[in-house]
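These figures come from a predicted structure and were not determined experimentally. Computed over heavy atoms, backbone and side chain alike; hydrogens, waters and symmetry mates excluded.
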Amino acid sequence: MNLSEHTSPVLGGHPLVIEDVVAIASGAGVRLRDDPVWRDRIERGAAFVDRLLTEEGEIYGITTGYGDSCCVGVPLDLARQLPVHLMRYHGCGLGEHFTPTETRAVLAARLCSLALGYSGVRWLLLERIAALINHDLPPLIPSEGSVGASGDLTPLSYLAAVLMGEREVWRAGLPVAAAPALADAGIEPILLAPKEALAIMNGTAVMTGLACLAWARADYLSRLAARITALASIATRGNPEHFDPALFAVKPHAGQNEVAAWIWSDLGQLHDGPPMRLQDRYSIRCAPHVIGVLRDALPWMRRDIENELNSANDNPIIDPDSERVLHGGHFYGGHIAFVMDAMKNAVASIADLLDRQLALLVDTRYNHGLPQNLSGAEGPRAAINHGFKAVQIGASAWTAEALKLTMPATSFSRSTECHNQDKVSMGTIAARDCLRVIELAEQVAAALVLAVNQGIVLRARQGDLPEERLTETLRSFRDAVDFPFLEEDRPLEADLRATLARIRAREWALYA
């Protein structure tokens, strides 16, 4: 898949944003910066490493072993075989493989970091990683095996291996051997130079690529939760004054006020309708306060994710300008780990909020006149129809699993590699957990999208809600959901999956 240049983010000297990584993950190509000065800087870094190799004798990870083995010298005539061994002995990942979309995000993050010019790699290496993206041949990477420092070593070894023609890649959604797939695409495998396997593997690209995807999904989910809350309030004949701008002016959390303003706008001319209760239950009344936590966190989360994305995060750092080798710990993924742990907590709280809204909607004790379980059946047939009863059970199951996963991964640092890596970030585990929590929360949201639409129709049939009193925004959203009214029981899995696909494709425009 070769995409036209106008869809392709440029790497090298231009910082990427989360949206660039999401675009690349979704199929956009990439371009390397067309600047001979920048290209020369990349090549000077690689040439400096080559010169060190012949002049200095002992350079970490080039003529020494790795990690705790840094005191083990490697003879000069074996130094060029060392990257191959690094790549091969790290080929021990397990668990499910990252999806092609997730892996493309990982490639974008790694290429962005290496293109800064502080890793001592060749221009050729950058071209090869870009080619994997542009020909849509992401490596097959097992998701388990990284503790988040010294970088994402094991998962990124699969990128290093594919560049050398080993292991497997995704092609058209199927795993195939890397060597023939590269040959078919006209991509020649390369022998990695002495610093290059270390530069590829000793960084935070896996957790950072996943974090970019998580941020975009969490942002959309928070918007969808506001839209759902507006519809749930209408369906339960809630009190719109709970979202009055004057109320929120006295507690000025920006994200919380943003959510309240969205819901207030959605409710439109329903503001003057008589509420059933002076104060709605918390899952309606306090929705801006719950969703607003994530909305207020997203800006600093973006800051930290994009800082990591645009950082040189391997070790050692090679400075081609001052010709220095700087040893440090930039592979440590602490910022991403903290963002992912915080994000999954805020997202799980939204899942819990929506689950409680569904519990109100299906229960005649709390839904203010809607039928039990939102069933559309009437007369004698009402006795055998159960509407959303099982969907509510499912939503509670998904919510419980999401809440269970909120235990912070960062709290479980393990000393590894002969106590060389004695304090690690667990950033990749946190990112994987976060994506799973988002996945579960999206499932809860899908259930609510169908339920609130059913509730609105039922309310309208009762004569309590003339259709013309709905805002145009809400009418358009309900039409786009395209959920046939549930009168007689039917399996809802297909409806749920179709709605979930729309959520994950971010199909509906939700607020400016």
Partner of Val347 under side-chain contact (heavy atoms from CB on, under 4.5 Å), picked from Thr406, Ile438, Val293, is Ile438

Fill in: Within 45° cone of Tyr158 ring axis and under 6.0 Å: Arg167 NZ or CZ
yes

Correct closest heavy-atom pair for Trp38 and Gly12 would be CZ2-CA, 3.4 Å

In this structure, CZ of Arg88 is separated from CD of Gln81 (nearest 0.5 Å) by 9.5 Å

pair Val21-Leu309: side-chain heavy atoms closer than 4.5 Å:
yes

Any heavy-atom pair between the side chains of Glu166 and Met87 that's under 4.5 Å? yes

Starting from the C-alpha separation in whole Å, work towards a yes-or-no answer on side chain to side chain contact (heavy atoms under 4.5 Å, CB included) for Leu353 and Tyr282. CA-CA 9 Å; Leu353 175 85; Tyr282 286 11; over 6 Å; no

CG (Leu140) and NE2 (His97) are apart, to the nearest 0.5 Å, by 4.0 Å

Margin query: Is there a side-chain contact between Leu224 and Val449 in this structure, where contact means two heavy atoms from C-beta onward sitting under 4.5 Å apart?
Written below: yes

inquiry  = So for atom NE2, which belongs to His90, do other residues, nucleotides or ligands contribute more than 12 heavy atoms lying within a distance under 6.0 Å?
reply    = yes

Please check if the side chain of Lys344 supplies one atom and the backbone of Leu405 the other of a donor-acceptor pair under 3.5 Å.
yes

inquiry  = A side-chain contact here means heavy atoms from C-beta on lying under 4.5 Å apart; do Ile133 and Leu111 qualify?
reply    = yes

message = For a quick check under 3.5 Å, do Thr399 and Asp352 share a side-chain donor-acceptor pair by atom type?
response = no

Is any NZ, NE, NH1 or NH2 atom of the basic residue among Arg436 and Glu439 found under 4.0 Å from an Asp or Glu carboxylate oxygen of the other?
-> yes

Under the criterion salt bridge (charged side-chain N to carboxylate O under 4.0 Å, His left out), I'd like the reasoning laid out for Asp34 against Arg39: C-alpha separation, chi angles, the key distance, then a yes or no.
CA-CA 8 Å; Asp34 185 17; Arg39 178 171 177 168; over 6 Å; no

Scanning both residues in full, the closest heavy-atom pair of Asp355 with Ser396 reads OD1-OG, 3.0 Å

Taking Tyr89 for the side chain and Val84 for the main chain, is one N or O donor matched with an acceptor at less than 3.5 Å?
no

Heavy atoms of Ala205 and Ala109 approach each other most closely as O-CB, 3.6 Å

Interatomic distance, CE@Met164 vs CG@Leu159, rounded to 0.5 Å, equals 9.5 Å

**Prompt:** Passes salt bridge (charged side-chain N to carboxylate O under 4.0 Å, His left out), Arg432 versus Glu102? Steps please.
**Reply:** CA-CA 11 Å; Arg432 288 171 38 227; Glu102 291 167 342; over 6 Å; no

Are the side chain of Glu196 and the backbone of Arg122 linked by a donor-acceptor contact shorter than 3.5 Å?
yes

Discussion item. Under a 3.5 Å threshold, yes or no: a donor from one side chain and an acceptor from the other, between Trp262 and Glu258?
Written reply: no

Should Pro139 and Val106 count as side-chain neighbours, where that means a heavy-atom distance under 4.5 Å?
no

ask   = Stepwise, does the side chain to side chain contact (heavy atoms under 4.5 Å, CB included) test hold for Gln443 with Leu496?
value = CA-CA 8 Å; Gln443 292 174 191; Leu496 288 165; over 6 Å; no

Original post:
Does the pair Asp219 and Arg302 meet the rule for a salt bridge (charged side-chain N to carboxylate O under 4.0 Å, His left out), with working shown?
Top reply: CA-CA 10 Å; Asp219 172 65; Arg302 174 191 282 276; over 6 Å; no

With a 4.5 Å limit on heavy-atom distance, are the side chains of Arg502 and Arg504 in contact? no

Using atom types as modelled, flag every donor-acceptor pair under 3.5 Å from a side chain in residues 168-193 to any protein atom, sequence neighbours excluded.
{"from": "Trp170", "atom 1": "NE1", "to": "Phe98", "atom 2": "O", "distance (Å)": "3.3"}
{"from": "Arg171", "atom 1": "NH1", "to": "Asp184", "atom 2": "OD2", "distance (Å)": "3.0"}

| field | Asn202 side chain vs Leu198 backbone, donor-acceptor pair below 3.5 Å | value | no

Taking the side chain as every heavy atom from C-beta outward, state whether Arg44 and Arg41 have any pair of such atoms under 4.5 Å apart. yes

Between side-chain atoms of residues 208-218 and protein atoms elsewhere (two or more places apart, or another chain), which donor-acceptor pairs fall under 3.5 Å?
{"from": "Thr208", "atom 1": "OG1", "to": "Thr204", "atom 2": "O", "distance (Å)": "2.8"}
{"from": "Thr208", "atom 1": "OG1", "to": "Thr204", "atom 2": "OG1", "distance (Å)": "3.4"}
{"from": "Trp215", "atom 1": "NE1", "to": "Leu298", "atom 2": "O", "distance (Å)": "3.0"}
{"from": "Arg217", "atom 1": "NE", "to": "Glu442", "atom 2": "OE2", "distance (Å)": "3.0"}
{"from": "Arg217", "atom 1": "NH2", "to": "Glu442", "atom 2": "OE1", "distance (Å)": "2.7"}

dist Ser311:OG -> His330:NE2 (nearest 0.5 Å) comes out at 7.5 Å

What one should report as the nearest heavy-atom pair of Val121 and Ala199 is CG1-CB, 3.5 Å

Item checked: Leu448 side chain reached by Arg227 side chain, heavy atoms, under 4.5 Å -> no

Review point. Are any of the side-chain nitrogens in Arg324 or Asp319 under 4.0 Å away from the carboxylate oxygens of its partner?
Key: no

For Phe338, look at atom CZ and say whether over 12 heavy atoms of other residues, nucleotides or ligands are found less than 6.0 Å away.
-> no

### Task
Establish, from distance only, whether the side-chain atoms of Asp152 and Thr428 form a donor-acceptor pair under 3.5 Å.
yes

On a heavy-atom basis, the closest approach of Val325 and Pro316 is CG1-CB, 3.7 Å

For Val424 and Ala149 the tightest heavy-atom approach is CG1-O, 3.3 Å

Would you say the side-chain atoms of Ser8 and Arg31 include a donor-acceptor pair closer than 3.5 Å?
no

Distance col, row Ser26:OG vs Arg104:CZ, nearest 0.5 angstrom, shows 8.5 Å

CG (Asp20) and CG (Leu11) are apart, to the nearest 0.5 Å, by 8.0 Å

TODO: Ignoring hydrogens and angles, state whether a donor on the side chain of Arg110 or Asn313 is under 3.5 Å from an acceptor on the partner side chain.
DONE: yes

